[in-house]
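Convention: sequence-line order gives letters A, B, ...; per-chain numbering from 1. Worth knowing before you read on, the calculation uses all heavy atoms, side chains too, and leaves out hydrogens, waters and symmetry mates. Everything numeric in this text was worked out from a predicted model, so none of it was measured.
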Amino acid sequence: MPTYTLTTPLYYVNDRAHLGSTYTTLACDAIARFQRLQGQSVCFITGCDEHGLKIQRTAEAAGLLPQAHCDVVSQGYRDLWRRWQISNDRFIRTTDPRHRQLVEAFFARVEASGDVVEGRQQGWYCVACEEFKDPTASDPEPSCAIHLRPLEWRDEVNLFFRLSRYQQAIESLISRPGFVAPASRRREVENFVAGGLKDFSISRQNLPWGIPVPGHPGHTFYVWFDALLGYLSALLDPSDPIDLDLLASRGWPARVHVIGKDILRFHAVFWPAMLLSAGMEVPGSVFGHGFLTREGQKMGKSLGNVLDPEQLLDRCGTDAVRWYLLRDIPFGEDGDFQQQRFTDLVNNDLANTIGNLLNRTSSMARKWFAGCVPPSPDGLSMEHPLAQAAERAREVAIASLEVFDFRRGAEAILQLAIEANGHLNDRAPWKLVKQEENRDAVAADLYAVLETCRLVAVLLTPLLPDLATRMLAQLGLEPIPCGASGAAAVPPPWSEPLLWGGLQGGSPLPEPVPVMQKLELESPL
RNA sequence: GGCUCGGUAGCUCAGCUGGUUAGAGCGUGGGAUUCAUAACCCCAAGGUCGGGAGUUCAAGUCUCCCCCGAGCCA
């Protein structure tokens, strides 16, 4: 069975993680967990991109050696992802010595294909972008439009990758349905490619903090060339030799690179061409998601309105943020983080609709059935309206998660909980229970709702692993494993736990404790 | 300045190839209920679809121009 490989971008260690990288990573985590539950062997890759002049200068400014700086920042990412319960299987750093060997091997192939040529490049250079710019000639002091910083004049001979040779190949690649996703992003790439692909430089001179280009003294690899290759380095087992041919059996090609829409071009155009040049397979698709604003405004240091993921986690917890981002923002579109809406949705959906459903049902069952799950009715019926509702929710949730439509998936699961609440109100077991002859009916009702709660928890597992675990514990059940699988073990698929009737009648129910606290944010985030 | 994408109820969004009184959730107001985390359930009020012009028997849904937001490029 082919491995389902997916990646986040390798985050640049110039700064700490921000909400955007957290968003990407959370989404990937949901995909990875979902695919594991579907029985796939998954390799979920994230990591850090650590080379380049900008890093070197940032480190110098902090009085650190570049490597020391990278160690600190990349460890910060690792720690943060662990706290967010990110289930990445690999964490690659581009300063890993093995990565350097892989870059060398890859470059050798590209060079052997005749795709590396020398070219002179002179012009104004933005260190922050690590790119040559084309400022208006009249400007006496050219500056970068993005970073608003002065440009530096460079005149150097660099190595170029002959991207122009891949015009045809890239055109046919991006015309492949689904390669650029969502579809609304495709035209942008098409136009860029249609404009004619130009060779791009893959090396810099006088850049100590980078990987030296073999056979070309004085040259180091351009950060993007080196960073993209991290996706390959990450796939090799630590005990593997550095052998590009091995990658096909280690999970290459990736099924999807999940990225922010700003770096679509690198992933959908440059990267596939590099791979083709090296005689390797191209990724299955490149998904460019949208950007987050905050209360309608762009987040940025200048506005002082950045949301720090660390703080968000401390104050609100992983479930709340995961739910809000995945449930409310259509993945692929831009989204706006609004505190009021965030708390409204979390409190309503998670605490009131889902949490309270479990709480009220468990408490009735315990009260009237000796602290246990009521006996399941004899002919455990798939005709039961909640069994049917669960079936629908399962189908929609799975179909949605398969195509990264977290929003639709989350809504389907929520809908199931709403139907269970409605069922309780219709049946009113608290009235029925007053007549002894209704005992079986009450048992059947409560069993069905508890079973629905179980299924809500199971379906929630890829999105909110933590809440799902607490819910299952409340039902006296073990969590459904879907974390990083390590070397070999693929967890059992969730098809079994998703069957109606999994809850054992007569099994003890722990004392109910609210599984989801309401958010009560005194002050703005 | 060029290229993409978006601008639908207070808020987040659905509205396929143009066709009955434009939908959902949240928020708001009212009702019902007591098993439960003042929770759950039911009902209601709210939009003429960014602005303008046009095509059409008919436009939120097509064309053009303008305005606003996000990203890329310059």
Side-chain angles (χ1 to χ4, degrees), chain A residues 20 124 129 131-137 139 142 144-146 180 182-195 198 259-266 268-269 288-300 324-325 327-330 332-369 405 407-408 410-412 414-415 417-434 442 445-446 449-450 453 474 512-520:
Chain A
W124 294 99
C129 300
E131 272 175 22
F132 282 91
K133 294 283 165 176
D134 219 344
T136 43
D139 199 338
C144 169
I146 300 169
V180 176
S184 55
R185 294 259 132 75
R186 183 147 120 210
R187 189 169 310 241
E188 185 181 327
V189 182
E190 277 173 353
N191 288 352
F192 173 70
V193 175
K198 291 193 281 269
I259 57 171
K261 62 180 178 176
D262 54 334
I263 52 176
L264 193 53
R265 186 173 297 179
F266 288 101
V269 179
H289 72 243
F291 272 58
L292 298 176
T293 51
R294 175 168 182 193
E295 313 290 349
Q297 287 197 300
K298 201 191 290 200
M299 272 187 264
Y324 176 60
L325 294 177
R327 132 93 219 247
D328 201 41
I329 294 164
E333 308 289 303
D334 288 344
D336 191 35
F337 192 105
Q338 298 180 4
Q339 182 163 333
Q340 186 62 54
R341 186 162 172 81
F342 169 51
T343 53
D344 281 348
L345 283 188
V346 167
N347 291 348
N348 253 292
D349 300 346
L350 262 27
N352 295 350
T353 302
I354 293 176
N356 182 54
L357 171 68
L358 175 56
N359 194 253
R360 69 194 294 210
T361 316
S362 166
S363 128
M364 285 186 271
R366 280 169 52 91
K367 203 174 297 180
W368 304 324
F369 292 89
D405 192 345
R407 182 178 221 264
R408 200 164 88 99
E411 272 169 4
L414 186 63
Q415 187 56 39
I418 289 172
E419 288 175 67
N421 271 318
H423 184 76
L424 274 184
N425 277 62
D426 292 344
R427 301 288 302 168
W430 50 91
K431 282 183 185 156
L432 292 177
V433 77
K434 290 172 184 164
V442 171
D445 288 337
L446 293 184
V449 177
L450 283 172
C453 287
Q474 197 79 119
V513 176
V515 287
M516 189 69 200
Q517 285 304 328
K518 287 189 190 170
L519 285 178
E520 281 165 17

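- Nucleotides B/C41 and B/C57, compared at atom C1', are 46 Å apart to the nearest Å.
- Rounded to whole Å, atom P of B/A39 lies 18 Å from atom CG of A/Leu358.
- Taking atom P in both B/U48 and B/G23, the straight-line distance is 14 Å, to the nearest Å.
- Rounding to the nearest 0.5 angstrom, the gap separating the SG atom in A/Cys453 from the CD atom in A/Gln474 is 10.0 Å.
- Here the separation of B/C3 from B/A58, taken at their P atoms, is 32 Å to the nearest Å.
- As a whole-Å value, the separation of A/Leu264 CG from B/C72 C1' is 9 Å.
- Between B/U4 and A/Asn191, a contact under 4.0 Å exists linking OP1 or OP2 to a side-chain N or O.
- Side-chain N/O atoms of A/Lys431 include none lying less than 4.0 angstrom from OP1 or OP2 on B/U33.
- The distance from atom NZ of A/Lys198 to atom P of B/C73 is 13 Å, rounded to the nearest whole Å.
- Here the separation of B/C66 from B/G60, taken at their P atoms, is 23 Å to the nearest Å.
- Not counting sequence neighbours, A/Phe369 has no partner by the ring pair (Phe, Tyr, Trp, His ring centres under 6.0 Å) test.
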Under 3.5 Å, N/O pairs linking protein and nucleotides 12-16 of chain B:
residue: B/U12; atom: OP1; partner: A/Gln338; partner atom: NE2; Å: 3.1
residue: B/U12; atom: O4'; partner: A/Arg341; partner atom: NE; Å: 3.2
residue: B/U12; atom: O2'; partner: A/Asp328; partner atom: O; Å: 3.4
residue: B/U12; atom: O2'; partner: A/Asp328; partner atom: OD1; Å: 3.2
residue: B/U12; atom: O2'; partner: A/Asp328; partner atom: OD2; Å: 3.2
residue: B/C13; atom: O2'; partner: A/Arg407; partner atom: NH1; Å: 2.6
residue: B/C13; atom: O2'; partner: A/Arg407; partner atom: NH2; Å: 3.3

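- Partners of A/Phe291 under the ring pair (Phe, Tyr, Trp, His ring centres under 6.0 Å) rule, at least two apart in sequence or in another chain, do not exist in this structure.
- The base of B/A36 sits within donor-acceptor range of the side chain of A/Asn356, with an N or O pair under 3.5 Å.
- Residue A/Pro429 is classed as having no contact, given no heavy-atom separation below 4.0 Å to the nucleic acid.
- The side-chain hydrogen bond (donor to acceptor under 3.5 Å, both in side chains) search around A/Arg407 returns none, not counting sequence neighbours.
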Mind listing the side-chain donor-acceptor pairs of residues 417-428 of chain A below 3.5 Å, one per line with the distance, residues two or more places apart or on another chain?
residue: A/Glu419; atom: OE1; partner: A/Arg392; partner atom: NH2; Å: 3.2
residue: A/Asn421; atom: OD1; partner: A/Arg360; partner atom: NH1; Å: 2.8
residue: A/Asn421; atom: ND2; partner: A/Thr353; partner atom: O; Å: 3.1
residue: A/Asn425; atom: OD1; partner: A/Arg360; partner atom: NH2; Å: 3.3
residue: A/Arg427; atom: NE; partner: A/Asp445; partner atom: OD1; Å: 3.0
residue: A/Arg427; atom: NE; partner: A/Asp445; partner atom: OD2; Å: 2.8
residue: A/Arg427; atom: NH2; partner: A/Asp445; partner atom: OD2; Å: 3.3

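- In this structure, A/Arg186 reaches neither bases nor backbone, as no heavy-atom distance under 4.0 Å exists between it and the strands shown.
- Whole-Å rounding puts the A/Arg294 CZ to B/A70 P distance at 16 Å.
- A straight line from CG of A/Leu446 to P of B/A36 spans 12 Å, rounded to a whole angstrom.
- Looking at heavy-atom distances under 4.0 Å, A/Ile418 makes contact with sugar-phosphate atoms alone, never a base.
- Proximity of A/Asn425 to the phosphate of B/U34: no side-chain N or O atom is located under 4.0 Å from OP1 or OP2.
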| Chi angles and distances behind the side-chain contact (heavy atoms from CB on, under 4.5 Å) call for A/Arg265, A/Val189 | CA-CA 7 Å; A/Arg265 186 173 297 179; A/Val189 182; over 6 Å; no
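- B/A14 and B/C40 are spaced 26 Å apart, taking the C1' atom of each and rounding to whole Å.
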| request: Would you please test A/Arg294 and A/Asp336 for salt bridge (Lys or Arg N to Asp or Glu O under 4.0 Å) and show each step? | output: CA-CA 5 Å; A/Arg294 175 168 182 193; A/Asp336 191 35; over 6 Å; no
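- Comparing the P positions of B/G25 and B/A44 gives an interatomic distance of 11 Å, to the nearest angstrom.
- When the nearest nucleotides of RNA chain B are assigned to A/Asn359 and A/Phe291 by heavy-atom distance, the more 5′-ward of the two goes with A/Asn359.
- Note: A/Phe337 and A/Tyr324 have perpendicular aromatic rings, judged against thresholds of 30 and 60 degrees for the angle between ring planes.
- Base-pairing analysis of RNA chain B finds the following stems of at least three consecutive Watson-Crick or G-U pairs, with both pairing distances under 3.5 Å: B:1-7 with B:67-73, B:10-13 with B:23-26, B:28-31 with B:41-44, B:50-54 with B:62-66.
- Mapped onto RNA chain B by nearest heavy atom, A/Val515 and A/Lys298 fall at different nucleotides, with A/Val515 at the one closer to the 5' end.
- The P atoms of B/C11 and B/U28 are separated by 15 Å, rounded to the nearest whole Å.
- Between the OH atom of A/Tyr324 and the P atom of B/G25 there is a distance of 19 Å, given to the nearest Å.
- For the atom pair A/Asp349 CG and A/Ile354 CD1, the distance stands at 6.5 Å (nearest 0.5 Å).
- Using a cutoff of 4.0 Å between basic side-chain nitrogens and carboxylate oxygens, A/Arg341 and A/Asp328 are scored as salt-bridged.
- Side chain of A/His289 to backbone of A/Lys261: no donor-acceptor contact under 3.5 angstrom is found.
- The glycosidic torsion of B/G52 lies more than 90° away from 0, placing the base in the anti range.
- In this entry the distance linking CG of A/Asn352 with C1' of B/C35 reads 15 Å, nearest Å.
- One interatomic measurement links the two molecules: CG of A/Asp344 to C1' of B/A39, which rounds to 15 Å at whole-angstrom precision.
- B/U12 sits 15 Å from B/G27 when the P atoms are compared, rounded to a whole Å.
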